[in-house]
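Step one of this worksheet: look at the structure below.
Both backbone and side-chain heavy atoms feed into the values below; hydrogens, waters and symmetry mates do not.
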Number of protein chains: 2
Amino acid sequence: MRNKLKVLRAERDWTQADLAAALDVTRQTVNAIEKGKYDPSLPLAFKIGRLFEMPIEQIFFSGAEEA
Amino acid sequence: MRNKLKVLRAERDWTQADLAAALDVTRQTVNAIEKGKYDPSLPLAFKIGRLFEMPIEQIFFSGAEEA
DNA sequence: TTATGATGTAAAGCATACTTAACTTTATGT
DNA sequence: ACATAAAGTTAAGTATGCTTTACATCATAA
C-alpha cells in the first residue's frame with residue numbers, strides 16, 4: 001500500500017517526529033508507514049485522515065498489486 | 001470502531017459466509033469484525049469499501065470513544 | 001423429532017502493527 | 001572539522017488481525 005504521507009508532511013513542513021506526535025505514535029511508526037514497511041491499523045488510518053482532513057482513500061492507495 | 005456490515009449484508013441478502021468468500025477471508029473474521037471484536041486491517045477495509053462501492057468512512061466509524 | 005443453514009464463540013498458532021532503545025546516515029550550519 | 005536535526009534502520013518484545021478446527025445456539029422446515 002502506497003501513501004502520500006511524505007508529501008502531506010512536506011506541504012506542512014512537518015518532521016516525522018511532528019507527525020508522530022500529532023498522531024500519538026512513535027517516530028519509527030511514521031517512518032515505517034511512510035516507507036511502506038507496513039500499513040497502519042484502521043484506527044490509525046482514520047486518525048491520519050482526520051488530521052489531514054481528507055478521506056483515507058486519498059492518502060492511501062492499494063496499488064494494482066495487492067488483493 | 002462500529003460498522004454497517006450487517007446492514008449492507010442484509011440489503012444484499014448475503015450471509016456472513018457469502019461476504020467472507022467475496023472478501024477472501026474466513027467466516028469467523030467477518031463475524032468478529034461485524035460484532036466489533038476487532039477492526040479489519042487497512043487492506044481488508046479497502047477491499048470492503050471496494051466491494052460495497054463506498055468510502056471506508058461510510059462503512060466504519062470511530063465512535064466518540066476512541067482516540 | 002430430526003435435519004439443515006446461519007450465526008456465535010473459543011483455543012492455538014502465525015503474521016502484522018506498534019513500542020522502546022539504540023545506533024547509523026545524510027544534510028545543514030558553524 | 002565538528003555539531004546538530006532529521007531520517008533511516010535494527011532487534012526484541014507486546015498487542016492485534018486472521019486462520020484453522022471445533023463445537024454451541026437458534027430458526028426453519030420436512
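D/dG17 atom P lies 12 Å from atom CD1 of B/Ile48, rounded to whole Å. Between B/Asp24 atom CG and D/dC18 atom C1' the separation is 12 Å, expressed in whole Å. As a whole-Å value, the separation of A/Leu5 CG from D/dG8 C1' is 16 Å. Protein atom CG of A/Leu19 is 13 Å distant from nucleotide atom P of D/dG8, rounded to whole Å. C/dA17 atom P lies 11 Å from atom CZ of A/Phe60, rounded to whole Å. B/Leu44 has its CG atom 18 Å from the P atom of C/dA15, to the nearest Å. Remark: C1' of D/dT9 and CD of A/Glu34 are 14 Å apart, rounded to the nearest angstrom. Computed from coordinates, the B/Leu42 CG to D/dC18 P distance equals 10 Å when rounded to whole Å.
Within the 4.5 Å cutoff, side-chain heavy atoms of A/Ile48 are placed close to those of A/Leu23. Side-chain contact check for A/Arg50 versus B/Ser62: some heavy-atom pair is nearer than 4.5 Å. When side chains are defined from C-beta on, A/Phe46 counts as touching B/Met1, because their heavy atoms get closer than 4.5 Å.
Side chain of A/Asp18 to main chain of A/Thr15: a donor-acceptor pair is present (N/O by atom type, distance under 3.5 Å, no hydrogens or angles).
Contact annotation: A/Lys35 reaches the phosphate of D/dT9 (side-chain N/O to OP1 or OP2, under 4.0 Å).
Residue contacts shown for B/Thr29 include a base, since a base heavy atom lies under 4.0 Å away. Using a 4.0 Å heavy-atom cutoff across all strands shown, A/Ser41 reaches sugar-phosphate atoms only and no base atom. In this structure, B/Thr15 reaches the sugar-phosphate backbone alone: every heavy-atom distance under 4.0 Å involves primed, P, OP1 or OP2 atoms, never a base.
Out of C/dG8, D/dT19, C/dC18, the shortest distance to the side chain of A/Tyr38 is found at C/dC18. Side-chain proximity of A/Asn31 to C/dT19, D/dC18, D/dA7: nearest is D/dA7. Minimum atom distance to the side chain of B/Asp39 is reached by D/dG17, of the listed D/dT9, C/dG8, D/dG17. Distances were taken from every side-chain heavy atom of B/Ile33 (C-beta onward) to each of D/dT9, D/dC18, D/dT21; the shortest belongs to D/dC18. For B/Pro40, counting side-chain heavy atoms from C-beta on, the closest listed nucleotide (C/dT7, D/dA7, D/dC18) is D/dC18.
One N or O donor and one acceptor, one from the side chain of B/Gln28 and one from the base of D/dT21, sit under 3.5 Å apart. For A/Arg27 and D/dA6, a side-chain-to-base donor-acceptor distance below 3.5 Å is absent, hydrogens and geometry of angles not being considered.
Distance CD1/A/Ile33 to CG/A/Asp39: 8.0 Å, rounded to 0.5 Å.
Mapping A/Gln16 and B/Val30 onto DNA chain D by nearest heavy atom places A/Gln16 closer to the 5' end of the strand.
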